[in-house]
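Heads up, the thing below is written out as C-alpha cells.
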2 protein chains.
Amino acid sequence: MSTAKNNKPTESELEILGILWEKGSGTVRDVHEILEKSKDAGYTTTLKLMQIMHEKGLLKRDTSNKTHVYEAAISQESTQQQLLNKMIDTVFNGSASQLVLQALGNHRSSQEELDKIKQYLNEIEQQQKK
Amino acid sequence: MSTAKNNKPTESELEILGILWEKGSGTVRDVHEILEKSKDAGYTTTLKLMQIMHEKGLLKRDTSNKTHVYEAAISQESTQQQLLNKMIDTVFNGSASQLVLQALGNHRSSQEELDKIKQYLNEIEQQQKK
DNA sequence: ATTTGTTTACGAAAATATTCGTAGATCAAT
DNA sequence: ATTGATCTACGAATATTTTCGTAAACAAAT
C-alpha cells in the first residue's frame with residue numbers, strides 16, 4: 001500500500017476532510033468559508049490545519065499556482081469504515097446491527113433510502129445463501 | 001432534564017463508558033483490568049480518568065465502601081445517537097442511509113441480525129404510510 | 001512604484017487530554 | 001502495632017490539538 005494512513009485524523013481534520021470529499025477539491029479559502037458556517041475560527045487556523053494535514057499525508061495539494069489547491073489523500077470509504085469499526089467496538093458492544101437500528105431509528109429516512117437499504121439487505125442475503 | 005451532559009466524552013472516556021455500559025457497574029480495578037487488554041496505561045491513570053468523569057457528571061459512584069463502585073451517568077442510547085449524528089454530518093455527507101449501507105457492507109451480519117433490521121424497516125415504513 | 005488585499009510559512013501560545021508519581025487512608029494478616 | 005497490599009486524592013508533567021499573530025511573497029489596482 002502506498003498511501004500512508006497511519007495518522008488518524010483529529011476531529012477538526014475530519015471536518016476538513018468531509019468538506020473536501022464533498023467538494024472534490026478546493027483552496028484554503030473555499031474550505032474556510034464552509035467551515036465558518038458551523039465553526040468559529042480564523043483563516044490562518046484553517047490554513048495551518050490544512051498544512052499539517054498535508055504533512056501527515058491526509059491531503060494532497062497542487063502548488064503550481066500561487067493559491068494552492070487541496071484535495072483529500074485518503075479515501076472517504078476507508079475512513080468511514082475505520083471510524084465505524086471503532087465506534088461499533090467501543091460504543092455499540094461490538095454489534096453492527098445495533099448501530100444500524102439506532103441510525104435508522106432517529107434519522108427519519110426517505111422511502112427511497114429505505115428501499116435502497118432493503119435492496120441491499122436482499123443482496124447480502126443472496127450472497128450468504130450460496 | 002436533570003443530568004448535565006454538556007460535556008462530551010473524550011476518546012478515553014468513551015472506552016470507559018463502553019465498559020461500564022456493558023458491565024453495568026464496576027470498580028476502578030474492574031474497569032482497568034478490561035482496559036489493559038486493549039490499552040497500555042497505569043492503574044492511577046484509569047483512576048484519575050474516572051475521577052474526572054465523575055466530576056464532569058459522566059459517571060455516578062457509590063462511596064459508601066472504601067472501594068468505590070462506578071456506573072455510567074449518561075445513557076448509552078443518547079450517547080450513541082449523538083455520536084452517530086455528528087458522524088453522519090461530517091463524514092457521511094449528512095446521509096444516514098449511506099452510513100447504514102457502509103456498516104452493513106463490511107460487517108458480515110448474521111441472518112438473525114439481518115431479519116431484525118428488515119423487520120424494523122417494515123415498521124418504519126408502516127409508520128410513515130399512515 | 002506605492003498601496004491594498006490575499007496568500008503561504010512559521011513559530012509559538014493556549015487549550016485539552018493523557019499519564020503517572022507520591023502521599024496518606026484503610027484494612028487484613030502477621 | 002507493624003507489615004504489606006490496595007485504595008483514593010491530588011498535583012503536576014507530557015503529549016496532543018487548536019488557535020492565531022506576524023512576516024514575507026505576490027499580484028492587481030491606483
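Just so it is clear, the structure is predicted and the values come from calculations on it, not from any experiment.
Phosphate contact (OP1/OP2 of C:dT18, side-chain N/O of B:Thr45, threshold under 4.0 Å): absent. A close approach under 4.0 Å does not occur between any side-chain nitrogen or oxygen of A:Arg61 and OP1 or OP2 of C:dT7. Distances shown here put a side-chain N or O of A:Ser12 below 4.0 Å from the OP1 or OP2 atom of D:dT18. Look at B:Tyr43 and you won't find any side-chain N or O under 4.0 angstrom from OP1 or OP2 of C:dT19.
Note on B:Tyr120 and A:Val100: same hydrophobic cluster, where clusters join Ile, Leu, Val, Met, Phe, Trp and Tyr whose side-chain heavy atoms are under 4.5 Å apart, directly or indirectly. By the criterion of side-chain heavy atoms lying less than 4.5 angstrom apart, applied directly or through intervening Ile, Leu, Val, Met, Phe, Trp or Tyr residues, A:Leu101 is grouped together with B:Leu104 in one hydrophobic cluster. The hydrophobic cluster containing A:Leu14 also contains A:Val91, counting ILVMFWY residues as joined when their side-chain heavy atoms lie under 4.5 angstrom apart, directly or transitively.
If you check every strand for non-hydrogen atoms under 4.0 Å, B:Thr10 touches sugar and phosphate atoms only. Residue-level contact check: A:Gln51 touches the bases, meaning some heavy atom is under 4.0 Å from a base atom.
A distance of 3.5 Å separates CD1 of A:Ile74 from OG1 of A:Thr79, quoted to the nearest 0.5 Å. Distance CD/A:Glu22 to OG1/B:Thr90: 11.0 Å, rounded to 0.5 Å. Atom-to-atom distance recorded for B:Ile124:CD1 and A:Ile117:CD1 is 8.0 Å, nearest 0.5 angstrom.
Atoms NE2 (B:His68) and P (D:dC7) sit 11 Å apart, rounded to a whole Å. Rounding to whole angstrom units, CG of residue A:Leu49 and C1' of D:dT19 are separated by 9 Å. Atom CG of B:Leu47 and atom P of C:dG21 are 14 Å apart (whole Å). The distance from atom CD of B:Glu55 to atom P of D:dT8 is 15 Å, rounded to the nearest whole Å. Atoms CD1 (A:Ile16) and P (D:dT17) sit 14 Å apart, rounded to a whole Å. Rounded to an integer number of Å, the gap from CE of B:Met50 to C1' of D:dA9 is 15 Å. Atom CD1 in A:Ile52 sits roughly 9 Å away from atom P in D:dT18 (whole-Å rounding).
Applying the salt bridge (charged side-chain N to carboxylate O under 4.0 Å, His left out) test to every pair with at least one member in residues 74-93 of chain A, sequence neighbours left out, gives these pairs: A:Lys86-B:Glu11. The ring pair (Phe, Tyr, Trp, His ring centres under 6.0 Å) pairs that include a residue from residues 15-66 of chain B are B:His32-B:Tyr43, where partners are two or more places apart or lie in different chains.
With A:Thr27 contributing its side chain and A:Asp30 its backbone, the two residues share a donor-acceptor pair below 3.5 Å. No donor-acceptor pair closer than 3.5 Å links the side chain of A:Asn93 to the backbone N or O of A:Ser95.
Within a heavy-atom distance below 4.0 Å of DNA chain D, the residues of residues 17-41 of chain A found are A:Lys39, A:Ala41.
Side-chain to base pairing of B:Lys48 with C:dG21: no donor and acceptor N or O lie closer than 3.5 Å to each other.
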| request: Take B:His68 and B:Leu59 through the test side chain to side chain contact (heavy atoms under 4.5 Å, CB included) and record every step on the way to the result. | output: CA-CA 12 Å; B:His68 302 175; B:Leu59 298 184; over 6 Å; no

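For the helix from C:dA1-D:dT30 to C:dT30-D:dA1, the end axes, each set by the C1' atoms of five terminal pairs, are bent relative to each other by 10° (nearest 10°).
Judged as a side-chain contact (heavy atoms from CB on, under 4.5 Å), and not counting sequence neighbours, B:Lys66 has no contacts.
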| message | Within the 4.0 Å limit for protein heavy atoms, which parts of nucleotides 22-30 of chain C are touched? Write it as a string from 5' to 3', B for base, S for sugar-phosphate only, - for none. | response | B--BB----

